[in-house]
Chemist: 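Can you keep this structure in mind? I'll have questions shortly.
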Amino acid sequence: MKYNIIEEQGKIIIKDIKNFDPKHIFECGQAFRWYVEEDNSYTTIAYGKVLNVKNEGNDIILSNTNMEDFNNIWYNYFDLGRDYDEIKKQLSKDPILAEAIKFGEGLRILNQEPFEMVISFITSANNQIPRIKKSIELMSKNYGEKIDEKYYSFPTPESLSKVSPEELKEICKVGFRGERIVETAKIIAKGELSLDSIFNLNRDEGKELLMTLPGVGPKVSDCILLFAFNKDEAFPVDVWVKRVMEHFYLKEETNVKHIGEHGARIFGNLAGFAQQYLFYYARELGIGK
């Protein structure tokens, strides 16, 4: 994809970009390290960097960055190499998805750091987004590396593996997830499971491998595969996706496994994108509640 990009002092301006709304991107449940500023811009921490993202008219302004980091980090992070017009065209053949896409038209799937996604979605189990964000921020502040006066990188597997579950529960408010987080960090830090290997596996193989980790079940593994490993056919089923699928497609109470299979079948290799549009649509409008 080609973009009209201007580099100014500490800023990258992407002119007249379509399919990019920071609110839709950051508030659709796929990322947890973002903050809304007073000017309605978003500050996010990823790959050891702090970035401010602001929508001005038809332009997106990325502050606290440069062209080198844009090319090496942010182009892939924001999935800028993908044709979202074509994705929308294909998915909009489904009238329900056509409405969901209109509602979340600026949504994009972020390509995030694998270990951070593993720990973030273990933390997300039976949890609420504000609490998840708080726990992840406390983990970063206490066990990550300082980036600047305010922000810290997400901790490494080695760093988290040395924390006791009791300390993690006390400091980071992760509750029963503490043992799972520390044990998973130990497995990855020791090299007993290579996250990088999942890039070369298909969705089913990656899912099987991830589910050997403590606290990683079907939904969590699909979230990790979709948001860290480019497995676009992954279809995570949380409470909102369950509700919207039952409300519009299945017309009855249905178990999560069947909903996942149904979503994968009808949306195919674009299931992950369909899931994100449906999730945002359902949660924001309270569909099926």
Chemist: Is Arg33 positioned over the aromatic face of Phe154, cation under 6.0 angstrom from the ring centre and no more than 45 degrees off axis?
Modeler: no

Chemist: Does Asp59 reach the main-chain N or O of Asp16 with its side chain, forming a donor-acceptor pair under 3.5 Å?
Modeler: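 Side chain of Asp59 to backbone of Asp16, a donor-acceptor pair under 3.5 Å: yes, one is there.
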
Chemist: Phe78 vs Phe26 aromatic rings, parallel, tilted or perpendicular, using cut-offs 30° and 60°?
Modeler: perpendicular

Chemist: Are any of the side-chain heavy atoms of Val241 and Leu278 separated by less than 4.5 Å?
Modeler: no

Chemist: Minimum heavy-atom separation for Leu250 and Ile259, please, with both atom names.
Modeler: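 Here Leu250 and Ile259 meet closest at CD1-CG1, 3.6 Å.
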
Chemist: Should Lys186 and Glu158 count as an ion pair when the cut-off is N to O under 4.0 Å?
Modeler: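 Between Glu158 and Lys186 there is no salt bridge, as every charged N stays at least 4.0 Å from the carboxylate O atoms.
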
Chemist: Could you measure the distance from the CD1 atom of Ile14 to the OH atom of Tyr75? Nearest 0.5 Å is fine.
Modeler: 10.0 Å

Chemist: Give a yes or no on whether the ring-centroid distance for Phe227 and Phe121 is below 6.0 angstrom.
Modeler: yes

Chemist: Assess the side chains of Tyr143 and Glu167: does a donor N or O sit below 3.5 Å from an acceptor N or O?
Modeler: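 There is such a pair between these side chains.
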
Chemist: Decide side chain to side chain donor-acceptor pair (under 3.5 Å) for Gln112 and Glu116; before the verdict, give the C-alpha distance in whole Å, the side-chain angles of both, and the deciding distance to 0.1 Å.
Modeler: CA-CA 8 Å; Gln112 301 178 74; Glu116 181 175 340; over 6 Å; no

Chemist: Between the main-chain N or O of Met67 and the side-chain N or O of Glu7, is there a donor-acceptor pair closer than 3.5 Å?
Modeler: yes

Chemist: Can you find a side-chain donor-acceptor pair between Asn19 and Asp85 that sits under 3.5 Å?
Modeler: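 There is such a pair (donor and acceptor under 3.5 Å, judged by atom type) between the side chains of Asn19 and Asp85.
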
Chemist: With side chain to side chain contact (heavy atoms under 4.5 Å, CB included) as the criterion, how do Val256 and Val237 come out once you've worked through the C-alpha distance, each side chain's angles and the decisive distance to 0.1 Å?
Modeler: CA-CA 7 Å; Val256 168; Val237 181; 3.8 Å; yes

Chemist: After noting the C-alpha distance and the side-chain angles of Asp222 and Arg203, does the key distance pass the salt bridge (charged side-chain N to carboxylate O under 4.0 Å, His left out) rule?
Modeler: CA-CA 8 Å; Asp222 269 334; Arg203 181 242 182 151; 2.8 Å; yes

Chemist: Taking all atoms of both residues into account, what is the closest heavy-atom pair of Gln30 and Ile25, and its distance?
Modeler: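 The answer is NE2-O, 3.0 Å.
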
Chemist: Do Lys219 and Ser124 make a side-chain contact, defined as non-hydrogen atoms from C-beta onward lying under 4.5 Å apart?
Modeler: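 Of all side-chain heavy-atom pairs linking Ser124 with Lys219, at least one is under 4.5 Å.
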
Chemist: Between Lys231 and Asp204, does a salt bridge (charged side-chain N to carboxylate O under 4.0 Å, His left out) hold up when you go through it step by step?
Modeler: CA-CA 10 Å; Lys231 307 304 182 195; Asp204 290 340; over 6 Å; no

Chemist: Return the orientation label for the Phe248 and Tyr281 ring planes: parallel under 30°, perpendicular over 60°, tilted otherwise.
Modeler: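 The rings of Phe248 and Tyr281 lie parallel, inter-plane angle below 30°.
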
Chemist: For Thr254, is there any backbone N or O sitting under 3.5 Å from a side-chain donor or acceptor partner on Glu246?
Modeler: yes

Chemist: Start with the C-alpha distance between Ile181 and Leu160, add both sets of side-chain angles, then the distance that settles side chain to side chain contact (heavy atoms under 4.5 Å, CB included), and finish with yes or no.
Modeler: CA-CA 8 Å; Ile181 291 168; Leu160 271 185; 4.1 Å; yes

Chemist: Salt bridge check: are Glu105 and Lys102 linked by an N-O gap of less than 4.0 Å?
Modeler: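 Looking at Glu105 and Lys102, the cut-off is not met.
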
Chemist: I need the Cys28 SG to Glu284 CD distance, nearest 0.5 Å.
Modeler: 9.5 Å

Chemist: Could you point out which residue of Tyr280, Trp240, Phe235 forms a side chain to side chain contact (heavy atoms under 4.5 Å, CB included) with Gln275?
Modeler: Phe235

Chemist: Looking at Phe267 versus Tyr249, is the centre-to-centre ring distance below 6.0 Å?
Modeler: yes

Chemist: Between Thr184 (side chain) and Leu213 (backbone), is there a donor-acceptor pair under 3.5 Å?
Modeler: no

Chemist: Identify, with sequence neighbours excluded, every residue that meets salt bridge (Lys or Arg N to Asp or Glu O under 4.0 Å) alongside Asp39.
Modeler: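 Partners of Asp39 under the salt bridge (Lys or Arg N to Asp or Glu O under 4.0 Å) test: Lys54.
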
Chemist: Between Trp74 and Lys49, is there a side-chain heavy-atom distance shorter than 4.5 Å?
Modeler: yes

Chemist: Passes side chain to side chain donor-acceptor pair (under 3.5 Å), Tyr84 versus Asp79? Steps please.
Modeler: CA-CA 9 Å; Tyr84 275 76; Asp79 208 27; 2.6 Å; yes

Chemist: Please answer whether the main-chain N or O of Ala46 pairs with a side-chain N or O of Glu113 as donor and acceptor at a distance below 3.5 Å.
Modeler: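 No: the side chain of Glu113 does not pair with the backbone of Ala46.
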
Chemist: Could you check whether any side-chain heavy atom of Thr65 comes within less than 4.5 Å of a side-chain heavy atom of Lys11, counting everything from C-beta outward?
Modeler: no

Chemist: Do the side chains of Arg82 and Asp232 get close enough for a salt bridge, i.e. N-O under 4.0 angstrom?
Modeler: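 Salt bridge: yes.
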
Chemist: If you apply the rule side chain to side chain contact (heavy atoms under 4.5 Å, CB included), what do you find for Lys242 with Asp238, and how did you get there?
Modeler: CA-CA 6 Å; Lys242 185 176 190 294; Asp238 77 327; over 6 Å; no

Chemist: Grab the two heavy atoms, one from Leu225 and one from Ala234, that are nearest each other, plus how far apart they are.
Modeler: CB-CB, 4.3 Å

Chemist: Taking atom CZ of Arg108 and atom CD1 of Ile87, what is their separation to the nearest 0.5 Å?
Modeler: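 Output value for this atom pair is 8.5 Å.
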
Chemist: Would you indicate whether the side-chain heavy atoms of Ile287 and Arg243 approach each other to under 4.5 Å?
Modeler: no

Chemist: Working to the nearest 0.5 angstrom, can you tell me the gap between Lys18 NZ and Asp83 CG?
Modeler: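 One gets 8.0 Å once the value is rounded to the nearest 0.5 Å.
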
Chemist: Might you work through the side chain to side chain donor-acceptor pair (under 3.5 Å) test for Trp34 and Thr43, ending with a clear yes or no?
Modeler: CA-CA 5 Å; Trp34 53 264; Thr43 297; over 6 Å; no

Chemist: Under the side chain to side chain contact (heavy atoms under 4.5 Å, CB included) rule, what do Leu195 and Ser197 come out as? Steps first, then yes or no, please.
Modeler: CA-CA 5 Å; Leu195 290 176; Ser197 70; over 6 Å; no

Chemist: Determine the minimum heavy-atom distance between Gly206 and Ile198, stating which atoms define it.
Modeler: CA-CG2, 4.1 Å

Chemist: Give the minimum heavy-atom separation between Leu91 and Ala274, together with the two atoms involved.
Modeler: CD1-N, 3.8 Å

Chemist: Measure across Glu205 and Asn202 and return the closest heavy-atom pair with its distance rounded to 0.1 Å.
Modeler: N-OD1, 2.7 Å

Chemist: Verify, without hydrogens or angle tests, whether Asn127 (side chain) and Thr123 (backbone) share a donor-acceptor contact under 3.5 angstrom.
Modeler: yes

Chemist: Is the backbone N or O of Val174 less than 3.5 Å from a side-chain atom of Arg177, with the two atoms forming a donor-acceptor pair by type?
Modeler: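 Pair found, side chain donor or acceptor close to backbone of Val174.
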
Chemist: Between Ile60 and Pro22, is any pair of side-chain heavy atoms under 4.5 Å apart?
Modeler: yes

Chemist: I would like to know whether Glu137 and Tyr152 meet side chain to side chain donor-acceptor pair (under 3.5 Å); could you show each step before the answer?
Modeler: CA-CA 8 Å; Glu137 204 50 49; Tyr152 295 77; over 6 Å; no

Chemist: Taking the side chain as every heavy atom from C-beta outward, state whether Leu80 and Phe20 have any atom pair closer than 4.5 Å.
Modeler: yes

Chemist: Strictly under 6.0 Å, is that where the ring centroids of Tyr35 and Tyr42 end up?
Modeler: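 Judged by ring-centre distance (under 6.0 Å), Tyr35 and Tyr42 do not meet the cut-off.
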
Chemist: Do the ring planes of Tyr47 and Tyr77 sit parallel (below 30°), tilted (30 to 60°) or perpendicular (above 60°)?
Modeler: perpendicular

Chemist: Within the structure provided, determine whether Ser153 and Ser140 are in side-chain contact (heavy-atom separation under 4.5 Å).
Modeler: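 Contact flag for Ser153/Ser140 side chains = no.
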
Chemist: Taking Asn76's backbone N and O only, do any of them form a donor-acceptor pair with Asn111's side chain (distance below 3.5 Å, no angle check)?
Modeler: yes

Chemist: Please check if Ile73 and Tyr151 belong to a single hydrophobic cluster, counting links between Ile, Leu, Val, Met, Phe, Trp and Tyr side chain heavy atoms closer than 4.5 Å.
Modeler: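 They do not share one cluster, since no chain of ILVMFWY contacts under 4.5 Å joins Ile73 to Tyr151.
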
Chemist: For Pro218, does its backbone N or O pair with a side-chain atom of Ser221 as donor and acceptor, under 3.5 Å?
Modeler: yes

Chemist: Are the side chain of Ser92 and the backbone N or O of Lys89 linked by a donor-acceptor pair below 3.5 Å?
Modeler: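 Here the side-chain-to-backbone pair does not exist.
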
